[in-house]
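If you're wondering where the values come from, they're calculated on a predicted model, not measured in any experiment.
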Amino acid sequence: MVPVKGRKRMTTRRAILGAATALAMSAMGALPVAAQEVTLKMHQFLPAQANVPKLILDVWADKVEEASGDRIKIDRYPSMQLGGKPPELIDQAQDGVADIVWTVVGYTPGRFPSTEVFELPFMMTNARAVSHAYWDMMESHWLDSEFKDFKILAGWVHGPGMFHPSDPVETPEDLEGVKIRGGSRSVNALLTEMGATPVGMPVPAIPEALSKGVIDGTTIPWEVTTSLKVPELVENHTEFEGRALYTLTFVLAMNKEKYDSLPDDLQKAIDDNSGLEMSVFAGGTMADSDMPARENALDLGNNVITLDAEQTAVWRERSQPIYDNWLADMTERGIDGQALLDEATMLIEKYTPQYEN
């Protein structure tokens with residue numbers, strides 16, 4: 001029989017052990033919430049060594065991982081490794097096939113029609129200024145309308161779009177009957193207006209199409225020509241003085257339900273590295289890669305034609321119907337296209353001096 005004093009000591013010890021066990025179990029129960037770890041799949045269409053994944057997407061993903069204390073892990077899938085074709089990327093983000101995608105908005109023609117205001121001919125001054133203007137309008141108009149089914153992390157444009165044809169192009173007449181790859185509905189409309197035969201295809205398809213003669217040239221900015229080996233496949237390049245022939249809009253889009261499922265602090269890790277700063281960084285980084293790619297073409301002995309202001313004015317005048325047709329299309333969709341055009345023009349003019357070299 002245990003003495004009374006001993007029984008009290010045992011009871012006290014059991015109470016202490018019970019309290020400690022309960023505290024430990026409580027801590028263990030709280031631990032998964034406090035240290036939740038998330039793996040996100042990021043999918044895009046370019047090879048891993050291309051400029052955008054290497055200099056933009058990987059940089060962004062690394063920053064998010066670091067900001068999350070490595071509780072977010074972003075697996076990167078280049079070159080459509082999760083399956084599908086580039087035009088399907090935006091649906092993959094919506095359906096959850098991928099958690100995050102980077103894609104060309106124009107790969108799904110007419111689905112996000114308002115953003116085409118930035119793709120109209122000769123709107124583009126420099127990539128940083130236009131990306132800034134694009135993100136402003138994304139926040140004020142499109143996050144809650146055309147992109148309401150997504151969590152848009154960033155939106156930007158590339159550097160000056162231009163021609164890379166087999167034969168020299170100096171005037172619109174030089175494009176008569178020439179098969180040129182276009183990257184969006186607006187670019188294809190421009191090519192048609194100039195007498196070319198537009199051929200729509202995603203960027204990764206360009207090298208094979210050029211080598212097999214499916215197309216006679218392509219419209220892309222300088223920066224991506226190196227990874228696609230375009231200067232080895234064509235010998236001519238036509239760029240424009242002043243405002244660029246065109247640009248394309250991009251989005252870095254996340255599955256909305258996936259984002260909403262994250263705890264507040266992990267959402268913050270993503271938000272702190274997204275938005276305006278990321279958009280301007282991405283557009284500027286793409287544009288900064290233009291010059292090395294241009295030098296590569298020159299080193300190969302290619303013919304780079306730079307149209308001066310007077311020559312460019314001819315192209316600008318010929319492109320006016322693209323504006324008229326786009327405005328008419330917006331009216332049919334119940335969208336005030338003129339108001340969007342006026343706002344985009346105002347913002348580009350506002351921000352261009354800020355980002356001029």
| query | Pick from Tyr246, Phe240, Phe122: which one makes a ring-ring contact (aromatic ring centres under 6.0 Å, His included) with Trp315? | reply | Phe240
Contacts under 3.5 angstrom, residues 290-299 side chains, donor-acceptor by atom type, not counting sequence neighbours:
unit_1, atom_1, unit_2, atom_2, d
Asp290, OD1, Glu223, N, 2.9
Arg294, NE, Glu239, OE1, 3.2
Arg294, NE, Glu239, OE2, 3.2
Arg294, NH2, Glu239, OE2, 2.7

| salt bridge (charged side-chain N to carboxylate O under 4.0 Å, His left out) against Glu65, all qualifying residues, sequence neighbours excluded | Arg76
| message | Between Lys85 and Asp91, does any side-chain N to carboxylate O distance fall below 4.0 Å? | response | no
| message | Is the distance from the ring center of Phe112 to that of Trp142 below 6.0 Å? | response | no
| task | Name all residues meeting the salt bridge (charged side-chain N to carboxylate O under 4.0 Å, His left out) criterion together with Lys63; count only those two or more places apart in sequence or in a different chain, and write none if there are none. | result | none
| If you round to the nearest 0.5 Å, how far is CH2 of Trp135 from CD1 of Ile152? | 7.0 Å
| said: Looking only at side-chain N and O atoms, does Ser319 offer a donor or acceptor that is under 3.5 Å from a partner on Glu193? | reply: no
| Taking only residues two or more places apart in sequence or in another chain, which ones pass salt bridge (charged side-chain N to carboxylate O under 4.0 Å, His left out) with Lys212? | Glu208
| request: Output every pair passing salt bridge (charged side-chain N to carboxylate O under 4.0 Å, His left out) with a member in residues 175-185, not counting sequence neighbours, ordered by first then second residue. | output: Glu116-Arg185, Arg185-Asp329
| Gap separating the OG atom of Ser131 from the CG atom of Asp136, nearest 0.5 angstrom | 11.0 Å
| said: Using a strict threshold of under 4.0 Å (side-chain N to carboxylate O), is an ion pair present between Lys151 and Asp99? | reply: no
| Got a sec, which residues hit salt bridge (charged side-chain N to carboxylate O under 4.0 Å, His left out) with Lys268, two or more places apart in sequence or on another chain? | Asp272
